[in-house]
Visitor: 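First the structure, then my questions, so here it is.
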Amino acid sequence: MKKLGLLLVSLCALAPFALATDSTRPQDVFDGMKQSFRPDRANGVNARFLFELSGPTGGRWWIEVKDDKCQFGRGLVPHPSVTFVASDKDWVALSNGDLPGVWAVVTGRLKIRGDHRLARKLDEMFP
């Protein structure tokens with residue numbers, strides 16, 4: 001239970017990502033994340049993030065961070081360090097700040113598999 005409590009506290013900061021305007025589709029979120037990447041906050045990070053989003057505008061996206069560089073793509077990425085599972089609408093709401101991360105996890109609208117430390121780091125690298 002202690003691990004879950006730490007995760008929930010850390011998820012308070014998960015999203016919103018720095019976007020110029022509110023996103024309406026997951027692709028908008030990932031496009032905004034590309035622009036907001038902070039390489040200085042990714043030093044020493046070597047991780048693959050997979051996003052599995054259900055719904056009409058859902059799909060799979062991935063981000064790979066190696067030190068101060070990142071790549072984005074669609075589809076599967078081998079051996080993800082962290083996998084986020086949500087609906088397309090919930091992911092957009094999280095990213096726009098309309099759905100608190102803690103509430104999304106507690107209600108099962110966001111599932112996080114893998115290294116929770118890296119999941120928290122995502123917010124730092126993409127403020």
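Because the structure is predicted, anything quoted here is derived from the model rather than measured. Heavy atoms only: backbone and side chains are in, while hydrogens, waters and symmetry mates are out.
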Visitor: Considering all heavy atoms of both residues, which atom of A47 and which atom of S81 are nearest to each other, and what is their separation?
Guide: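 Between these two residues, the closest heavy atoms are CA-OG, 3.5 Å.
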
Visitor: Please determine whether side-chain contact (heavy atoms from CB on, under 4.5 Å) holds for the pair K69 and E64, giving the CA-CA distance in whole Å, both sets of side-chain angles, and the decisive distance to 0.1 Å.
Guide: CA-CA 8 Å; K69 298 188 179 9; E64 183 171 17; over 6 Å; no

Visitor: Would you check, one step at a time, whether the test side-chain contact (heavy atoms from CB on, under 4.5 Å) holds for W103 with L110?
Guide: CA-CA 9 Å; W103 186 248; L110 173 65; over 6 Å; no

Visitor: Are V105 and L122 in one and the same hydrophobic cluster, where Ile, Leu, Val, Met, Phe, Trp and Tyr link if side-chain heavy atoms are under 4.5 Å apart?
Guide: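 Yes, because V105 and L122 connect within a single hydrophobic cluster, where side-chain heavy atoms sit under 4.5 Å apart.
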
Visitor: Looking only at heavy atoms, which two atoms of D68 and F37 are closest? And how far apart?
Guide: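 Shortest heavy-atom separation between D68 and F37 comes out as O-CE2, 3.5 Å.
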
Visitor: Within this structure, what is the CG-CG distance for the pair L53 and D88, rounded to the nearest 0.5 Å?
Guide: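 Interatomic distance, L53 CG to D88 CG, rounded to 0.5 Å: 7.0 Å.
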
Visitor: Could you tell me whether W61 and F51 have their ring centroids closer than 6.0 angstrom?
Guide: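 No; F51 has its ring centre 6.0 Å or more from that of W61.
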
Visitor: Could you tell me which non-hydrogen atom of W62 sits nearest to which non-hydrogen atom of Q71, and how far apart they are?
Guide: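 Smallest interatomic distance, heavy atoms only, reads CZ3-O, 3.6 Å.
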
Visitor: Nearest 0.5 Å, what's the CZ-CE distance between F49 and M33?
Guide: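 The distance works out to 8.5 Å.
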
Visitor: Say whether, by atom type as modelled, one donor and one acceptor occur between the side chain of N96 and the main chain of D98 under 3.5 angstrom.
Guide: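 Looks like no, no N/O pair under 3.5 Å.
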
Visitor: Working to the nearest 0.5 Å, report the span between OG1 of T57 and CG of D28.
Guide: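 The distance works out to 9.0 Å.
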
Visitor: Can you tell if the side chain of K89 reaches within under 4.5 Å of the side chain of R25, non-hydrogen atoms only?
Guide: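 The answer is no, as the side chains (C-beta and beyond) never meet within the 4.5 Å cut-off.
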
Visitor: Any side-chain heavy atom of T83 within less than 4.5 Å of one from I112?
Guide: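 No - every pair of side-chain heavy atoms lies 4.5 Å or more apart.
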
Visitor: Can you check side chain to side chain donor-acceptor pair (under 3.5 Å) on D31 and Q27, steps first, answer last?
Guide: CA-CA 6 Å; D31 290 344; Q27 186 62 58; 2.9 Å; yes

Visitor: Any heavy-atom pair between the side chains of R60 and E52 that's under 4.5 Å?
Guide: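 Yes, at least one pair of side-chain atoms sits under 4.5 Å.
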
Visitor: Heavy atoms only: give me the nearest S95-V29 pair and the separation to one decimal.
Guide: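 Taking every non-hydrogen atom into account, OG-CG1, 3.2 Å.
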
Visitor: For a 4.5 angstrom cut-off between non-hydrogen side-chain atoms, does P127 reach R41?
Guide: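 They are in side-chain contact.
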
Visitor: Using the side-chain contact (heavy atoms from CB on, under 4.5 Å) rule, take L99 and D90 through it: C-alpha gap first, then chi angles, then the decisive distance, then the call.
Guide: CA-CA 7 Å; L99 175 62; D90 286 341; 4.0 Å; yes

Visitor: Would you say NZ of K121 has more than 12 non-hydrogen atoms from neighbouring residues, nucleotides or ligands within 6.0 angstrom?
Guide: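 For K121, atom NZ is crowded (more than 12 foreign heavy atoms under 6.0 Å).
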
Visitor: Locate the shortest heavy-atom distance separating P26 from V92; write the atom from each residue and the value.
Guide: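 The pair with the smallest heavy-atom distance is N-CG2, 3.5 Å.
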
Visitor: Short question: side chain of R48, backbone of V82 - any donor-acceptor pair under 3.5 Å?
Guide: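 Answer holds: no.
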
Visitor: Roughly how far, to the nearest 0.5 Å, is the CG atom of D40 from the CD atom of E124?
Guide: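 Here the rounded value is 10.5 Å.
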
Visitor: Please find the pair of heavy atoms, one from D67 and one from G44, that lie closest to each other, and give the distance.
Guide: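 Smallest interatomic distance, heavy atoms only, reads OD1-N, 3.0 Å.
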
Visitor: Given side-chain contact (heavy atoms from CB on, under 4.5 Å), test V65 with N46 step by step and report yes or no.
Guide: CA-CA 6 Å; V65 177; N46 186 6; over 6 Å; no

Visitor: Would you say V106 and V85 are hydrophobically clustered, going by side-chain heavy atoms of ILVMFWY under 4.5 Å?
Guide: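 No, V106 and V85 fall in different hydrophobic clusters.
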
Visitor: To the nearest 0.5 Å, how far apart are CZ in F126 and CD1 in I63?
Guide: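 Result: 4.5 Å between the selected atoms.
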
Visitor: Is F84 close to K111 at the side-chain level, that is, under 4.5 Å between some pair of heavy atoms?
Guide: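 A side-chain contact under 4.5 Å is absent here.
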
